[in-house]
Amino acid sequence: MDHTLDRAPGHAPDRALDSAPGHAPNPAPAAPAPFHTPDHALHRPPIVRRVTELIGATPLFELCRTRDGSRLLLKLEQFNPTGTAKIRMARQMVLDAEERGLLPPGGRIVESTSGNTGLGLAVVAAERGYTFTAVVDHHAAADKLRAMKALGAELVYVADEGDEELATAAREEFAEKLAAESPGAYFTEQHNNPANGDGYRPVAHELHAALDGRIDVLIGAVGTGGGLFGTGGELRRTVPGVRIVGVEPKGSIAFGPPAHDYYQSGTGTPEGATIGAMVDYDLLDEGVKVGDVEAFATCRVVARRTGLLIGGSAGGVVYEALARLSSQPPGTTMVALVNDGGEKYLDTVFDDDWMAARDLVDRDVEREVDALLTKLRHA
């Protein structure tokens with residue numbers, strides 16, 4: 001099919017994707033200033049000059065505690081700019097590219113994205129004088145696509161309107177080709193970029209500082225692998241005994257077959273896609289799968305019971321965490337990585353018609369999750 005381009009409002013034509021070799025570029029801006037890192041893992045600076053200076057120092061929310069003192073804490077990464085953890089690694093990938101001379105001033109960033117990584121890259125590009133092109137499909141939440149465009153990104157679709165199939169392999173293939181053919185462009189390639197995992201190392205320091213190193217289980221979603229294994233690898237340096245549990249959607253292949261379609265966005269490895277280079281099986285203690293029905297039921301129950309909106313993949317993580325909390329040794333502290341909030345999914349996970357049309361509503365599962373959460377919150 002033809003790859004369609006959706007430009008941001010006011011997009012200048014002299015930055016077109018098909019610029020011929022020798023095309024006179026826009027005047028290059030001065031070299032970007034170094035990134036600012038908060039001085040303390042638990043505090044943000046009171047005044048900032050860049051949105052990216054607000055990254056990090058996200059809060060922990062105690063979702064429940066058992067009678068024997070075990071507790072489930074949610075690391076609420078939606079309190080980062082763009083409402084997602086992935087701005088952490090987006091910033092780090094750009095910083096790494098600059099340091100290695102791979103991204104010239106005024107150059108173009110290209111990435112295949114389901115939305116959250118693209119949102120982060122759009123912010124970084126806006127701050128630092130780059131053009132950002134996001135290669136996307138219609139599996140992504142519409143709000144993510146609209147937000148990227150609002151932030152100045154160019155959207156290139158690899159699927160026809162109305163095709164909701166996850167097209168990770170096609171996106172990555174086209175993004176690589178596009179970057180190779182565009183002067184001054186760099187493909188950040190999140191699935192195979194070590195800087196992805198490096199961007200999450202500060203999460204480990206935040207957790208260690210907040211909990212004084214008392215962390216027994218770290219559980220999180222596995223897509224590119226950067227979030228869970230970047231955090232977990234760094235955490236193991238100071239908390240060697242921490243148990244690391246990965247969660248992927250049923251239908252994803254990182255933890256084995258069978259492969260089939262799934263609706264959880266921005267996570268997992270669909271059939272035909274390459275497992276992310278940051279997925280570290282040696283670091284993983286256990287890998288589990290959670291279905292869309294269970295994940296989305298958990299999102300909806302958590303919202304009704306606590307007032308907290310969490311994203312679809314986070315629902316899968318929290319579902320698995322709730323299921324295993326009571327079986328942990330007394331006094332266990334389990335931390336679940338919540339990669340984004342539910343505000344981006346009001347048209348999907350939290351929309352009754354959308355859910356029903358895809359046969360994702362199971363009231364029995366919702367009642368089971370509700371009963372378990374109520375029991376644990378009142379233990």
Side-chain angles (χ1 to χ4, degrees), residues 3 5 8 15 17 31-32 34-35 50-52 55 80-82 84-137 140 144-145 147-149 151-158 167-202 223-227 229-230 265-267 269 273-279 339-340:
H3 297 95
L5 170 66
R15 297 160 75 184
L17 294 179
F35 285 119
R50 292 174 178 266
V51 170
T52 52
I55 294 172
N80 283 303
T82 71
T84 170
K86 292 189 177 181
I87 195 171
R88 293 181 185 263
M89 62 95 148
R91 178 177 65 173
Q92 188 60 37
M93 290 192 300
V94 173
L95 175 60
D96 176 74
E98 290 176 353
E99 290 178 343
R100 294 194 290 144
L102 301 174
L103 184 59
R108 180 184 303 278
I109 300 167
V110 179
E111 182 56 85
S112 159
T113 177
S114 290
N116 280 335
T117 301
L119 286 169
L121 287 171
V123 169
V124 176
E127 286 187 344
R128 303 177 77 77
Y130 300 117
T131 300
F132 172 51
T133 300
V135 181
V136 300
D137 54 39
K144 295 179 184 178
L145 300 174
M148 281 192 284
K149 190 175 177 183
L151 291 168
E154 299 168 327
L155 307 185
V156 179
Y157 289 84
V158 297
T168 303
R171 290 197 326 247
E172 293 186 0
E173 180 181 354
F174 186 75
E176 183 177 15
K177 178 177 181 290
L178 179 62
E181 295 175 352
S182 303
Y186 173 65
F187 178 27
T188 43
E189 198 178 1
Q190 59 174 312
H191 281 83
N192 295 301
N193 191 333
N196 175 343
D198 293 341
Y200 291 104
R201 295 183 187 278
T224 67
F229 297 105
S265 176
T267 188
T269 307
T274 302
I275 295 172
M278 269 64 62
V279 177
N339 284 338
D340 70 349

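Treat the numbers as computed from the prediction; the structure is a model and nothing was measured.
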Could you report the tightest heavy-atom contact between [X] and [Y], atom names first, then the distance?
{"X": "Asn196", "Y": "Gly227", "answer": "OD1-N, 4.4 Å"}
{"X": "Val158", "Y": "Arg171", "answer": "CG2-CG, 3.5 Å"}
{"X": "Arg88", "Y": "Pro202", "answer": "NH1-CB, 4.1 Å"}
{"X": "Ala185", "Y": "Ala179", "answer": "CB-O, 3.7 Å"}
{"X": "Ala153", "Y": "Ala122", "answer": "CB-CB, 4.4 Å"}

### Query
If you measure only the distance, is there a donor-acceptor pair under 3.5 Å linking the side chains of Gln190 and Thr117?
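Gln190 vs Thr117: donor-acceptor pair found between side chains.
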### Query
Going by atom types only, do Ser112 and Glu172 share a side-chain donor-acceptor pair under 3.5 Å?
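The criterion, which ignores hydrogens and geometry beyond distance, is not satisfied for Glu172 and Ser112.
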### Query
In chain order, what residues pass the side-chain contact (heavy atoms from CB on, under 4.5 Å) check against Ala273, with sequence neighbours excluded?
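Thr168, Thr269, Pro270.
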### Query
Residues two or more places apart in sequence or in another chain: which of them pass side-chain contact (heavy atoms from CB on, under 4.5 Å) with Asn193?
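Residues passing side-chain contact (heavy atoms from CB on, under 4.5 Å) with Asn193: Met93, Asp96, Tyr186, Ala195.
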In the structure I gave you, are the side-chain heavy atoms of [X] and [Y] within less than 4.5 Å of one another anywhere?
{"X": "Arg128", "Y": "Arg91", "result": "no"}
{"X": "Leu151", "Y": "Val123", "result": "yes"}
{"X": "Tyr130", "Y": "Val94", "result": "yes"}
{"X": "Asn339", "Y": "Asn116", "result": "no"}
{"X": "Tyr157", "Y": "Leu145", "result": "yes"}
{"X": "Leu119", "Y": "Ile87", "result": "no"}
{"X": "Glu127", "Y": "Val51", "result": "yes"}
{"X": "Lys86", "Y": "Thr113", "result": "no"}

#### Entry: Flag, side chain of Glu111 to backbone of Val135, donor-acceptor distance under 3.5 Å
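Between the backbone of Val135 and the side chain of Glu111 there is no qualifying donor-acceptor contact (under 3.5 Å).
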### Query
Taking the side chain from Arg108 and the backbone from Ser182, do they hold a donor-acceptor pair closer than 3.5 Å?
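Absent.
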Could you measure the distance from the [atom1] atom of [X] to the [atom2] atom of [Y]? Nearest 0.5 Å is fine.
{"X": "Asp198", "Y": "Met278", "atom1": "CG", "atom2": "CE", "answer": "9.0 Å"}
{"X": "Leu102", "Y": "Ile109", "atom1": "CG", "atom2": "CD1", "answer": "12.0 Å"}
{"X": "Asn192", "Y": "Phe187", "atom1": "CG", "atom2": "CZ", "answer": "8.0 Å"}
{"X": "Thr82", "Y": "Lys144", "atom1": "OG1", "atom2": "NZ", "answer": "10.0 Å"}
{"X": "Thr224", "Y": "Phe229", "atom1": "OG1", "atom2": "CZ", "answer": "10.0 Å"}

